[in-house]
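Notes to accompany the following structure.
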Amino acid sequence: PSGRLSADLDATITEEKGKGLGIQASGSLTVRDLRLKDARTEKVYAVLRRLSADTFRFSSASSSFEAKEMLLDLLRMDVALNADKTLECVPKKQMGQEPSSPFRFSVASLRLQDAALLFRDQAHGSVSAVQDINATVSVLSSSGGLSDIVLTGQIGGAPITLSGSCNPFSTPPAAKLAFTAKGVDLARYSAYTRAYLGYPVLQGRLDLESAFATSGWTFSLDNHIRLE
């Protein structure tokens, strides 16, 4: 990654023989113009105008990070479905030593402001984007418990919403979510109807109301679809 860091923090750095550097830090920080890319291919996966963490604590000894509030401003992500149906969204992990303990984190409030996601489906020759994404996630934690989420955005000018609660880090994952989309232009996704039904969509719009819930490893999905 690359970017510009400004911080107001207290930090302690120690070195123990055979254990490398130990870091403890607390305070606030802001990273501007952050870019996440693959060092080998130079492919850029994400660009972020500003990432800020307010009242945070970090410890390398306990592999933990806690923050009162985090903001991700103007995030741009590029996700690709390759022709071999593999998903490409982050740089591939380099081979090396695994961490001695899992990383633990907790954020009381996470805000996503004016984000966008570009999805390139190379398997079907289709490109789509989710734009104007604004979201708030409350109590996001790796240690368990449900996080409340409220998200709005748009797909090709059609408004979408996502609300409810979830915990993607639990085993099994837990969620109770409601999703809506109003007036989605189906002609934009004609590549899929051509691939699976044999016919393109020349015109039409979709309204969708969807409810997703989990119970253990059982998943339920209730859809209400309106076409015009």
Side-chain angles (χ1 to χ4, degrees), residues 25-31 34 36 45-46 48 50-77 79 81 87 89-90 93 98-117 119 129-155 158-182 184 206-225:
S26 62
S28 301
L29 64 82
T30 299
V31 181
L34 179 65
L36 178 64
Y45 288 90
L48 188 64
R50 177 166 55 109
L51 182 153
S52 62
D54 181 41
T55 316
F56 79 90
R57 292 185 298 174
F58 168 78
S59 171
S60 62
S62 60
S63 298
S64 63
F65 175 86
E66 299 176 2
K68 179 180 179 181
E69 183 175 4
M70 290 191 67
L71 169 67
L72 281 68
D73 180 36
L74 209 67
L75 172 67
R76 298 291 183 265
M77 288 194 66
V79 177
L81 181 65
L87 195 64
C89 56
V90 294
K93 185 177 180 181
E98 294 294 329
S100 58
S101 59
F103 187 75
R104 298 182 295 109
F105 65 90
S106 175
V107 180
S109 177
L110 174 66
R111 291 192 298 126
L112 195 62
Q113 182 172 286
D114 195 20
L117 172 67
F119 180 70
V130 184
Q131 299 173 309
D132 299 335
I133 303 172
N134 292 280
T136 300
V137 182
S138 301
V139 195
L140 181 64
S141 174
S142 60
S143 61
L146 294 176
S147 302
D148 294 328
I149 180 171
V150 177
L151 178 148
T152 60
Q154 57 120 338
I155 301 177
I160 63 171
T161 66
L162 178 69
S163 61
S165 58
C166 64
N167 184 354
F169 309 107
S170 65
T171 303
K176 186 176 183 181
L177 299 167
F179 174 81
T180 67
K182 301 291 185 182
V184 177
L206 165 74
D207 290 348
L208 172 65
E209 294 181 3
S210 182
F212 175 79
T214 65
S215 177
W217 286 107
T218 301
F219 302 84
S220 64
L221 182 64
D222 183 20
N223 291 320
H224 295 270
I225 300 172

- Task: Check the pair Ile149, Leu177 against side-chain contact (heavy atoms from CB on, under 4.5 Å), reporting the backbone distance first and the verdict last.
- Result: CA-CA 9 Å; Ile149 180 171; Leu177 299 167; 3.8 Å; yes

Find out whether [X] and [Y] are in side-chain contact, i.e. whether some heavy atom of one side chain is under 4.5 Å from a heavy atom of the other.
X	Y	value
Trp217	Pro173	yes
Leu208	Val184	no
Leu48	Val31	no
Phe179	Phe212	no
Ser62	Arg104	yes
Asp114	Asp132	yes
Glu209	Lys182	yes

Minimum-distance pair of heavy atoms, taken over all atoms of [X] and [Y]:
X	Y	answer
Arg50	Thr30	CG-CG2, 3.8 Å
Phe119	Leu87	CE1-CD1, 4.2 Å
Ser109	Thr136	OG-CG2, 4.4 Å
Asn167	Ser141	OD1-O, 4.2 Å
Ser165	Leu146	OG-CD1, 3.8 Å
Asn223	Ser210	OD1-OG, 2.6 Å

From [X] [atom1] over to [Y] [atom2], what is the distance, rounded to the nearest 0.5 angstrom?
X	Y	atom1	atom2	value
Leu151	Ile160	CG	CD1	6.0 Å
Ser26	Phe58	OG	CZ	12.0 Å
Thr180	Asp207	OG1	CG	9.5 Å
Met77	Leu36	CE	CG	8.0 Å

Taking [X] for the side chain and [Y] for the main chain, is one N or O donor matched with an acceptor at less than 3.5 Å?
X	Y	result
Asp54	Ser28	no
Ser147	Val139	yes
Ser170	Pro172	yes

Donor-acceptor contacts under 3.5 Å from residues 67-74 side chains, at least two apart:
residue	atom	partner	partner atom	Å
Glu69	OE2	Arg111	NE	3.1
Asp73	OD1	Arg49	NH2	3.3
Asp73	OD1	Gln113	NE2	3.0
Asp73	OD2	Arg49	NE	2.9
Asp73	OD2	Arg49	NH2	2.9

- More than 12 heavy atoms from other groups under 6.0 Å of NZ on Lys176: no

- Message: Looking only at side-chain N and O atoms, does Ser59 offer a donor or acceptor that is under 3.5 Å from a partner on Ser64?
- Response: no

- Residues forming a side-chain hydrogen bond (donor to acceptor under 3.5 Å, both in side chains) with Arg57, sequence neighbours excluded: Glu66

- Query: According to the interplanar angle, ranging from 0 to 90°, do the rings of Phe169 and Phe105 count as parallel (below 30°), tilted (30 to 60°) or perpendicular (above 60°)?
  - Reply: perpendicular

